[in-house]
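A short write-up of the structure that comes next.
It should be emphasised that the depicted structure is a prediction, and the values quoted were computed from it without experimental measurement.
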Amino acid sequence: MDWLIELFTQESVAQTILLLAIISIFGLAVGKVKIGGISLGTCLVFFAAILVGHFAGRLGIRVNTAMMDFAKNFGLVIFVYTLGLQCGPSFFSSLRKGGIKLNLIAIATILLGSLLAVVFAWCFDMKIPESVGLLSGAVTSTPSLISAQQTVLDMNPGGIETVNTIGAAYAVGYPFSILSVILVVMLLRAVFSKSAEKSSGKDSDRYTAVGEALVLNKELFNKTVKEICLSSPLNFVISRVWRDGAVQIPVSDTVIREGDRLMYICDKDDFHQMGSFFGHEENTDWNSPDIDWNKIDLTLVSKHIRVTKDDVAGHNLGDLKLRNKYGVNITRIYRAGITLVPDAHTVLEFGDRLTVVGSEDRIKEMAKFVGDEERRLDEPHLIPLLTGIFLGVFLGSIPFIIPGITMPVKLGIAGGPIIMGILMGAFGHKIHLVTYTSRAASLMLGQFGITFFFASLGFSVGGNFVENVFCLQGLKWAGLAVLLAAVPLIIMGVFNEKVLHLDFAKNVGTLCGIATNPNALAYANSVMDNDNPAAAYATVYPLTTFLRVFVAQILIILLS
């Protein structure tokens with residue numbers, strides 16, 4: 001039995017892998033347990049790791065620190081890259097539709113939290129580097145921590161004691177902030193329950209709506225479908241036209257006449273404007289879940305087909321002219337968990353699921369053109385994945401010189417990969433890189449990465465965790481970390497809801513991104529049951545990461 005004891009107690013590669021696996025299994029299993037209908041998920045991996053790290057330290061068990069560091073950093077890279085890849089296809093459209101607002105919210109929250117950290121330093125007799133370390137832990141920002149420590153050493157090469165103090169404050173603040181942000185999301189969800197309920201649900205149920213209108217608007221008489229769509233600022237697709245008792249699929253050149261009845265698909269936000277645009281809104285509820293679309297008429301069917309041909313992906317619908325060529329209508333595009341209403345400028349991407357309406361034969365012809373080969377979606381595209389990770393880490397390592405700052409600023413291994421993931425997800429098709437990853441595979445990669453990150457990070461801080469927390473200084477740090485993590489988010493969360501009337505899922509996703517807290521994001525995603533928190537998270541994360549690094553340096557340089 002000596003070999004078994006040595007396997008877990010003596011430093012080796014096998015020992016490190018076994019410990020990480022045990023921590024992850026235990027944490028994930030406990031994380032699935034629901035208390036009051038709420039489970040903490042991967043968050044429990046971090047606390048399980050702290051527990052194992054604490055007892056390992058008491059028993060004098062040593063581990064391979066190089067392997068632990070690799071698991072932590074590589075896990076973080078995989079998580080943030082897949083997060084960026086997942087949100088990339090919709091990132092720039094969401095940025096145009098509201099991303100500037102979300103990033104302004106992020107800037108305001110960061111300034112509020114930084115001001116609070118300075119106030120705490122003055123009120124509780126702390127040095128600024130100590131307060132910055134606590135702030136870095138409160139917002140779970142490792143790049144901010146590293147930036148603060150490096151700035152101290154640049155200003156004073158002998159300031160090792162200050163560097164260690166920053167690290168200790170970070171280690172104490174980090175676990176408390178994870179729970180604090182999750183509790184903030186829970187609190188906001190309880191207080192604004194109606195908004196949360198309205199915002200939750202699958203994206204396909206939330207972003208698009210189907211309506212029927214009677215054409216009575218004289219401005220539209222005898223105009224083609226193309227002319228009507230170009231004349232309106234609204235984004236919609238006319239999927240069917242009823243005329244003289246017959247149903248037809250309109251193409252770009254179809255002329256709309258007075259008294260035609262139209263079925264259309266539009267963005268849900270534009271739904272109530274469509275009736276007045278066409279002339280008269282009919283009362284039929286085409287959004288009812290019990291409608292059998294294939295029985296609306298006998299000649300037309302509605303089917304899903306997938307884009308799996310490389311020479312189709314990357315082209316917009318206007319250039320492909322699918323509606324005129326095949327006499328079918330693409331009414332919706334499902335991509336990365338989000339349903340889009342297509343227009344002539346919409347670019348098809350590998351893996352897109354198209355909802356098409358037309359005759360059975362014409363849909364089969366179009367399916368051959370776009371591919372519709374499910375087996376191609378199961379192929380792993382490892383070269384684009386590894387290329388993106390390489391470029392992301394490279395980007396994060398580039399030093400940026402900012403006037404007035406004595407040391408270069410880097411995006412780090414958290415900021416670089418998520419930015420590259422967004423770029424690859426949005427523009428990879430333009431350089432013929434297939435970045436498509438099935439939803440299940442993407443979730444698996446992301447969860448694997450964040451699990452190993454928390455397992456290794458928790459173990460590393462667990463050895464001295466009890467001593468750092470259960471003392472007067474540690475308890476003070478823990479209390480202030482909770483306030484630094486929660487107060488700015490609560491203030492901005494209420495402001496976003498009451499003043500800005502921000503969608504609740506976007507609200508909590510933005511707050512999780514500002515806190516750079518992926519575990520809180522995982523919780524928000526689970527309770528919202530859609531990807532909107534993740535999309536908002538990815539929208540603010542890059543700027544937030546950069547600002548955290550920048551602010552940490554500024555506070556130490558100007559106020560130390």
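- Looking at every heavy atom in both residues, Ala455 comes nearest to Ile23 through CB-CG2, 3.9 Å.
- When all heavy atoms of Ala524 and Cys512 are compared, the pair lying nearest together is CB-SG, 4.4 Å.
- When all heavy atoms are compared, the tightest approach of Ala481 to Leu134 is CB-CD1, 4.1 Å.
- Taking the side-chain contact (heavy atoms from CB on, under 4.5 Å) definition, one finds that Ile25 meets it with nothing, sequence neighbours left out.
- Between the side chain of Thr140 and the backbone N or O of Gly137 there is no donor-acceptor pair closer than 3.5 Å.
- In this structure, the side-chain contact (heavy atoms from CB on, under 4.5 Å) partners of Ile491, at least two apart in sequence or on a different chain, are Leu112, Val487.
- A distance of 12.5 Å separates NZ in Lys506 from CG in Leu500, rounded to the nearest 0.5 Å.
- Taken from CZ in Phe504 to CD in Glu197, the straight-line distance is 12.0 Å, to the nearest 0.5 Å.
- Annotation for Val172 and Ala478: closest pair CG1-N, 3.9 Å, computed over non-hydrogen atoms.
- Taking all atoms of both residues into account, the shortest heavy-atom contact from Ala71 to Leu20 is CB-CD1, 3.7 Å.
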- What's the verdict on side chain to side chain contact (heavy atoms under 4.5 Å, CB included) for Phe394 and Met420, showing C-alpha distance, side-chain angles and the deciding distance? CA-CA 10 Å; Phe394 184 81; Met420 188 54 61; over 6 Å; no
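- Interatomic distance, Asn73 CG to Phe453 CZ, rounded to the nearest 0.5 Å: 8.0 Å.
- Partners of Phe452 under the ring pair (Phe, Tyr, Trp, His ring centres under 6.0 Å) rule, at least two apart in sequence or in another chain, are Phe448.
- Legend: residues meeting side-chain hydrogen bond (donor to acceptor under 3.5 Å, both in side chains) with Thr355, ordered by chain and number and at least two apart, are His304.
- Residues meeting the ring pair (Phe, Tyr, Trp, His ring centres under 6.0 Å) test with Phe192, sequence neighbours left out: none.
- Residues passing the side-chain hydrogen bond (donor to acceptor under 3.5 Å, both in side chains) test with Glu497 are Ser195, sequence neighbours excluded.
- A donor-acceptor pair under 3.5 Å is absent between the side-chain atoms of Thr544 and the main chain of Ala515, judged by distance alone.
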- Message: Determine whether Ser131 and Val118 satisfy the following criterion, side chain to side chain contact (heavy atoms under 4.5 Å, CB included), listing intermediate values before the conclusion.
- Response: CA-CA 7 Å; Ser131 184; Val118 173; over 6 Å; no
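- Each of Asp352, Ile333, Asn316 was scored for a side-chain contact (heavy atoms from CB on, under 4.5 Å) with Thr346, with one residue passing: Ile333.
- Looking at heavy atoms from C-beta onward, Val63 lies in side-chain contact with Leu19 at the 4.5 angstrom threshold.
- In terms of the ring pair (Phe, Tyr, Trp, His ring centres under 6.0 Å) criterion, Phe55 has no residue partners (sequence neighbours excluded).
- With rounding to the nearest 0.5 angstrom, the OG1 atom of Thr109 is 3.5 Å from the CD1 atom of Ile514.
- In this structure, Asp69 has no side-chain hydrogen bond (donor to acceptor under 3.5 Å, both in side chains) partners at least two apart in sequence or on a different chain.
- From Leu385, atom CG reaches atom CD1 of Ile78 across 8.0 Å, with rounding to the nearest 0.5 Å.
- With sequence neighbours left out, Phe26 forms a ring pair (Phe, Tyr, Trp, His ring centres under 6.0 Å) with no residue at all.
- When the side-chain contact (heavy atoms from CB on, under 4.5 Å) test is applied to Phe120, the partners found at least two apart in sequence or on another chain are Leu116, Phe124, Met126, Leu480, Leu483, Leu484.
- Screening Asn496, Asn507, Val540 for a side-chain contact (heavy atoms from CB on, under 4.5 Å) involving Leu102 leaves a single residue, Val540.
- In this structure, Arg306 CZ and Tyr334 OH are separated by 9.5 Å, a value rounded to the nearest 0.5 Å.
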- Do Val307 and Leu354 pass the side chain to side chain contact (heavy atoms under 4.5 Å, CB included) test, and can you show the C-alpha distance, the side-chain angles, and the key distance before you say yes or no? CA-CA 8 Å; Val307 177; Leu354 313 179; 3.9 Å; yes
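- Contact record, Leu395 with Gly416: CD2-O, 3.9 Å, taken as the closest heavy-atom pair.
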- Message: Before you tell me yes or no, could you show the steps for Leu547 and Ile107 under side chain to side chain contact (heavy atoms under 4.5 Å, CB included), namely the whole-Å CA-CA distance, both residues' side-chain angles and the distance that decides it to 0.1 Å?
- Response: CA-CA 8 Å; Leu547 286 180; Ile107 293 171; 3.7 Å; yes
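- Take Thr387 and apply the side-chain contact (heavy atoms from CB on, under 4.5 Å) test, not counting sequence neighbours, and it matches Ile383, Leu391.
- Under the 3.5 Å distance criterion, the side-chain polar atoms of Thr516 are matched with a main-chain donor or acceptor of Val139.
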